[in-house]
Amino acid sequence: MRWVALLSGLSLLLAAPDVVLAVKSHDFKTCSQSGFCRRGRGLSSRAKEASSWTSPYSVDPSSVSVSNDEAIVKAAVKSSLYPEIKFSLEVRVHDDGVVRVRMDEVDGLKKRYDEASSWALVSEPVVSKTVSWTKGKKDMRVVYGEKKDIEVVVQYEPLKVSLLRNGKEQVVLNGQGLLHMEHFRIKEEKKEEENKTEGEEPKPEGEGEQVVLQAEAPVNPRAWFEGDSEDAYWDESFSSWTDSKPKGPESLSIDINFPNHATVYGIPQHATNLALPTTTGENPGFTDPYRLYNADVFEYLASSTMSLYGSIPVLHAQSVDSTVGVFHAVGSETWIDIGHNTEKSTETHWISESGILDIFLMPGPTPQDIYAQWARLVGTTPMPAQWSLGYHQCRWNYVSSDDVRSVQKRFDEEDMPVDVFWLDIEYAEDHMYFMWDKKNFPDPVEMTNDVAAVGRKMVVIVDPHVKRTSNYPVYEEAKERDLLVKTKTGDEYEGWCWPGSSVWLDMFNPATWQWYIDLYKPEKRATWSWTLSTTDIHIWNDMNEPSVFNGPEITMPKDNLHHNGWEHRDIHNINAMLFSNLTYQAVGLRTDPPERPFVLTRGFYAGSHRFGAMWTGDNLGTWEHMAVGVKMVLANGVGGFAFAGSDVGGFFGNPEPEMLVRWYQVGIFSPFFRAHAHIDTKRREPYLLDEPYKGIVRDLLRLRYSLLPVWYTAFRETAATGLPVVRPQYVEFPKDAAGFEIDDQFWVGSSGLLARPVTEKGATEAKVYLPKDDQVYYDYFTHASYHSSSKAGKEITVAAALHQIPLFVRGGSILATRERPRRAVSLMKYDPFTLRVALSKAGSARGEVYLDDGVSYGYQQGEFVWREFSAETKKKTMRISSKDLGSSKREPAVDGAVVRYDPANAYAKTIREKNVRVEKVVVVGVGSRPSSVKLEGSGKELKWEYTPGDKKAKDGAEAGVLIVKDPKVGVAEDWVVVIQL
């Protein structure tokens with residue numbers, strides 16, 4: 001895969017709060033303003049109006065080739081409208097049950113872009129050698145799976161591909177006949193008058209009553225199918241720009257339907273609900289399709305189908321019976337309509353500007369299966385540097401070295417933990433990245449060393465635009481080496497961004513890769529002031545959609561040219577991924593041996609999660625944006641981008657203290673936790689708040705840090721399984737339909753921790769949904785207990801004053817926390833642990849903690865500690881024990897590495913030598929006062945205290961709590977605490 005080649009070098013505005021800001025919608029297209037979307041939606045409209053409709057695409061039965069030593073079927077596809085145009089179809093079954101369907105034009109006048117999957121996939125999937133296709137007169141089919149319950153059927157005429165489980169359709173391609181691969185053609189000059197009535201402008205295809213008339217009378221099949229005018233075939237205008245299309249029309253349209261799944265999630269990034277609202281049918285949630293087209297959307301709406309900064313064309317479909325998924329590997333602009341045919345089904349229509357059909361069908365049948373199948377395709381989130389899970393403090397801009405020092409000093413004076421300080425674009429001389437502003441940052445090494453003295457890091461921004469000036473070595477070298485994006489005529493493309501006149505590196509050119517990586521090596525740039533840097537500085541990639549201030553839709557013209565002559569339209573959504581990929585390598589290779597880099601990206605594509613973290617872009621300081629940020633982070637998890645967060649406080653505006661406090665409550669439960677603000681906002685570092693707000697935020701920051709072992713353990717699971725770090729309700733309880741649309745509460749990994757941040761102004765209470773799991777839930781802070789039912793989920797109302805955050809631990813869970821306040825993550829590495837045991841109704845519980853050094857790649861060679869804690873109650877005796885998991889568990893290794901684990905590894909030895917112990921065990925849900933608490937084998941009574949609970953089994957009643965004080969047991973040792981009840 002191409003991304004593997006890229007990784008070969010790596011071992012692995014502003015207004016007062018009451019003023020509403022809004023995106024300049026006229027800067028961005030709607031579907032009706034996009035020629036290929038009009039054409040695709042027009043076909044859909046005509047098909048729905050037609051009394052009968054059959055797709056023109058069919059398989060030529062005589063061409064079918066079946067390879068049963070490998071589960072591959074190949075066939076020729078023909079169109080009844082254009083018999084002379086040839087298409088090829090290939091259907092593969094992977095060894096994990098995923099089905100890949102590819103279709104391309106054969107021997108066309110031009111070549112369609114077919115490389116999107118090579119950037120997204122972590123490796124070429126292995127095709128099954130244990131399944132056999134059956135070739136029939138009307139179709140090809142294969143049955144497979146451990147229970148032989150999965151079936152794939154490729155119908156010949158019309159072409160239709162169906163994935164079934166137990167005879168029930170799960171996913172259907174071209175079931176509505178909307179497949180249309182616009183073939184390459186030669187432009188024919190026509191008089192414009194032929195396409196319009198006298199005195200009337202021609203209507204774009206798909207608008208007005210024209211669609212209905214054509215649907216009722218398909219006299220000319222080609223005109224009926226494609227529209228009776230060449231709508232934006234060869235060029236297209238929007239605002240003041242004209243997009244030339246030398247290859248002509250090449251869009252790809254396909255309907256992907258889920259006949260037995262009513263709820264769908266995914267296709268990030270959009271600011272909307274997790275369960276995607278409809279865009280077609282009766283009373284749709286939105287009227288425009290969801291757009292995937294990476295864009296710098298200034299002041300984006302809090303509820304919209306508009307494209308934002310990233311695009312991951314993956315969708316999950318959910319029912320109580322199963323979860324299925326699809327991934328369409330296409331890198332061009334894509335619009336997706338979502339509707340319902342019945343209450344139990346979902347219909348989607350995908351319209352892309354260019355590319356081949358390359359769809360992966362993930363059969364599930366559980367969310368865990370889907371995430372595992374997705375992870376095998378695009379990889380998992382690698383283990384982050386542990387410090388990057390702490391609190392990040394940023395704004396545009398900290399103005400000088402002394403400013404950075406003063407901010408750090410204030411955090412320490414106020415006893416607030418923080419791990420990273422950030423510098424926005426003003427740190428660089430004339431916005432020439434890699435070169436410090438000598439006036440305001442005369443001592444970058446000393447400044448960074450001062451920050452690092454207490455274990456902290458810095459992050460500075462490096463954007464993809466390059467200042468177009470002869471005194472900038474980056475520009476001069478890139479120009480000399482011919483590494484820049486070109487215009488349609490082959491000239492150097494010039495646009496406008498922060499430095500003014502700018503150019504852009506062509507990251508699709510392999511010659512750019514090592515050269516860009518070398519920019520980060522001080523020894524390679526001995527004459528630049530970038531050499532005055534240290535490895536304690538990490539990188540932030542912004543504006544990499546790419547953002548071009550004077551370009552169409554604030555981005556690069558689609559007819560720009562990249563390596564191998566590909567137009568920008570073909571690869572637009574992939575562009576940002578390459579930039580963060582190469583930055584990730586560059587930062588990681590600065591040290592020997594390599595240490596884990598931290599890179600933050602704004603733009604992204606499928607697979608970008610392999611190269612760092614993301615954030616939800618330029619949000620507003622409003623309650624609506626606070627709420628939708630939670631939903632967007634959950635949606636990014638669906639796309640595999642687990643290391644995600646939204647800017648605390650909002651990028652724009654000046655949030656009032658109440659809002660800022662609530663936003664910190666959201667932030668501490670985001671995988672990526674950063675506060676950020678625009679240059680024109682008031683300073684809002686948390687230590688500037690008045691009391692009681694300052695004290696509340698201090699406590700929130702400390703809560704985040706105390707829970708870091710839980711977060712880090714959740715990231716280990718994500719790195720191994722692909723499951724998201726923060727999980728929506730449907731992932732944890734896929735059989736509970738009442739939870740399918742819940743997106744204001746979520747779970748942290750498999751810890752049993754349920755968070756419901758408050759995002760409503762003036763709230764004093766909140767509603768929390770408990771699933772139908774017949775379990776007890778404990779308030780994290782008060783130990784009040786709430787009981788769910790086995791018959792149906794239920795909603796409870798809990799106190800949520802400003803200083804309160806609804807946070808629960810599910811019965812049956814054990815959390816490992818570190819409770820000693822520290823200034824930074826690195827200072828906690830040898831701190832003792834507190835075990836919080838939340839007993840189930842049966843008196844049992846389990847949990848895990850994963851530890852490694854947090855910075856190196858030693859964990860890939862088995863340098864870690866991974867422990868399981870459990871509690872079991874039998875006949876008045878409770879046993880709380882610790883055992884090694886690294887030796888006993890045989891699940892996928894983190895980052896895909898095959899771990900050679902030895903429980904006596906060097907890291908574990910260090911943990912033992914430093915006497916990293918469990919200093920407290922808190923057992924919640926103990927119904928009676930124990931008679932003794934002892935460490936097995938010692939016979940000595942441990943120190944403990946017991947607080948009885950409320951005997952009434954009602955919601956809100958306090959549970960009995962047993963606290964075992966300092967049992968003096970090592971966190972990396974086997975031990976058993978025996979409690980006689």
Side-chain angles (χ1 to χ4, degrees), residues 23-31 33-37 113 116 119 232 235-245 268-271 290-301 304-313 330-335 352-355 425 463-466 468 484-488 492-508 541-562 566-580 601-605 608 614 616-618:
V23 64
K24 296 178 177 64
S25 297
H26 62 270
D27 285 340
F28 303 95
K29 290 181 180 179
T30 61
C31 179
Q33 295 171 310
S34 171
F36 77 91
C37 188
Y113 186 73
W119 298 111
D235 57 60
E236 183 171 0
S237 295
F238 176 70
S239 188
S240 61
W241 295 276
T242 296
D243 173 25
S244 66
K245 301 181 180 181
Q269 186 184 41
H270 298 97
Y290 294 92
R291 190 186 190 197
L292 293 178
Y293 187 64
N294 295 4
D296 180 0
V297 184
F298 192 75
E299 304 168 349
Y300 62 85
L301 298 173
S304 174
T305 59
M306 287 181 64
S307 58
L308 290 178
Y309 311 96
S311 301
I312 304 180
V330 62
S332 65
E333 176 185 353
T334 299
W335 299 77
S352 301
E353 184 170 19
S354 66
I425 58 176
D463 287 346
H465 46 259
V466 175
R468 194 170 183 261
L484 301 175
V485 175
K486 303 294 195 300
T487 66
K488 62 183 178 182
E492 179 182 294
Y493 172 68
E494 177 191 7
W496 204 262
C497 208
W498 296 124
S501 176
S502 302
V503 294
W504 279 259
L505 299 175
D506 183 4
M507 292 298 186
F508 291 86
N541 288 157
D542 199 351
M543 316 294 285
N544 55 339
E545 295 76 27
S547 175
V548 183
F549 293 161
N550 63 336
E553 300 195 87
I554 325 298
T555 192
M556 192 173 285
K558 290 182 175 181
D559 51 12
N560 273 3
L561 297 176
H562 293 265
W566 291 116
E567 288 187 292
H568 187 73
R569 79 180 77 252
D570 298 315
I571 53 82
H572 175 84
N573 287 345
I574 308 172
N575 184 78
M577 175 186 185
L578 272 66
F579 193 64
S580 60
T601 184
R602 189 171 73 174
F604 55 88
Y605 181 65
S608 285
M614 64 77 59
T616 62
D618 297 344

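This chain uses plain numbering: 1 for the first residue, then up along the sequence. Atom set for the values below is all heavy atoms of this structure, side chains included, hydrogens, waters and symmetry mates excluded.
- T334 places a side-chain N or O within 3.5 Å of a backbone atom of S332 that can act as its donor or acceptor partner.
- D243 places no side-chain N or O within donor-acceptor distance of the main-chain N or O of P557, the cut-off being under 3.5 Å.
- For E353, the side-chain hydrogen bond (donor to acceptor under 3.5 Å, both in side chains) test picks out K558, R569, with sequence neighbours left out.
- In this view, D27 and K24, I554 satisfy the side chain to side chain contact (heavy atoms under 4.5 Å, CB included) rule, not counting sequence neighbours.
- D570 and S354 share a side-chain donor-acceptor pair at under 3.5 Å.
- Ring-centre distance between F508 and W119: below the 6.0 Å cut-off.
- Contacts of Y293 classified as ring pair (Phe, Tyr, Trp, His ring centres under 6.0 Å), with partners at least two apart in sequence or in another chain: H572.
- Taking the side-chain hydrogen bond (donor to acceptor under 3.5 Å, both in side chains) definition, one finds that S304 meets it with nothing, sequence neighbours left out.
- For the side chain to side chain contact (heavy atoms under 4.5 Å, CB included) test, residues two or more places apart in sequence or in another chain that qualify with E492 are R468, Y475, K479, L484, V503.
- Under the ring pair (Phe, Tyr, Trp, His ring centres under 6.0 Å) criterion, Y605 pairs with no residue at all, not counting sequence neighbours.
- Listed by chain and residue number, nothing satisfies the disulfide bond (SG atoms under 2.5 Å apart) test with C497 (two or more places apart in sequence, or in another chain).
- With sequence neighbours excluded, no residue satisfies side-chain hydrogen bond (donor to acceptor under 3.5 Å, both in side chains) with N575.
- When atom types are taken as modelled, the side chain of D506 and the backbone of H562 share no donor-acceptor pair closer than 3.5 angstrom.
- Under the ring pair (Phe, Tyr, Trp, His ring centres under 6.0 Å) criterion, H270 pairs with Y290, sequence neighbours left out.
- Applying the side chain to side chain contact (heavy atoms under 4.5 Å, CB included) criterion to S25, with sequence neighbours excluded, gives V23.
- D559 pairs by the side-chain hydrogen bond (donor to acceptor under 3.5 Å, both in side chains) definition with S244, not counting sequence neighbours.
- A donor-acceptor pair is defined here as one N or O able to donate and one able to accept, closer than 3.5 Å; such a pair exists between the side chain of E553 and the backbone of K29.
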Side-chain donor-acceptor contacts of residues 544-551 below 3.5 Å, not counting sequence neighbours, with atom names and distances?
unit_1, atom_1, unit_2, atom_2, d
N544, OD1, G603, N, 2.9
N544, ND2, T601, OG1, 2.9
E545, OE1, R602, NH2, 3.0
E545, OE2, R602, NE, 2.7
E545, OE2, R602, NH2, 3.3
S547, OG, D296, OD2, 2.7
N550, OD1, W496, N, 2.9

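- N573 places a side-chain N or O within donor-acceptor distance of the main-chain N or O of N294, the cut-off being under 3.5 Å.
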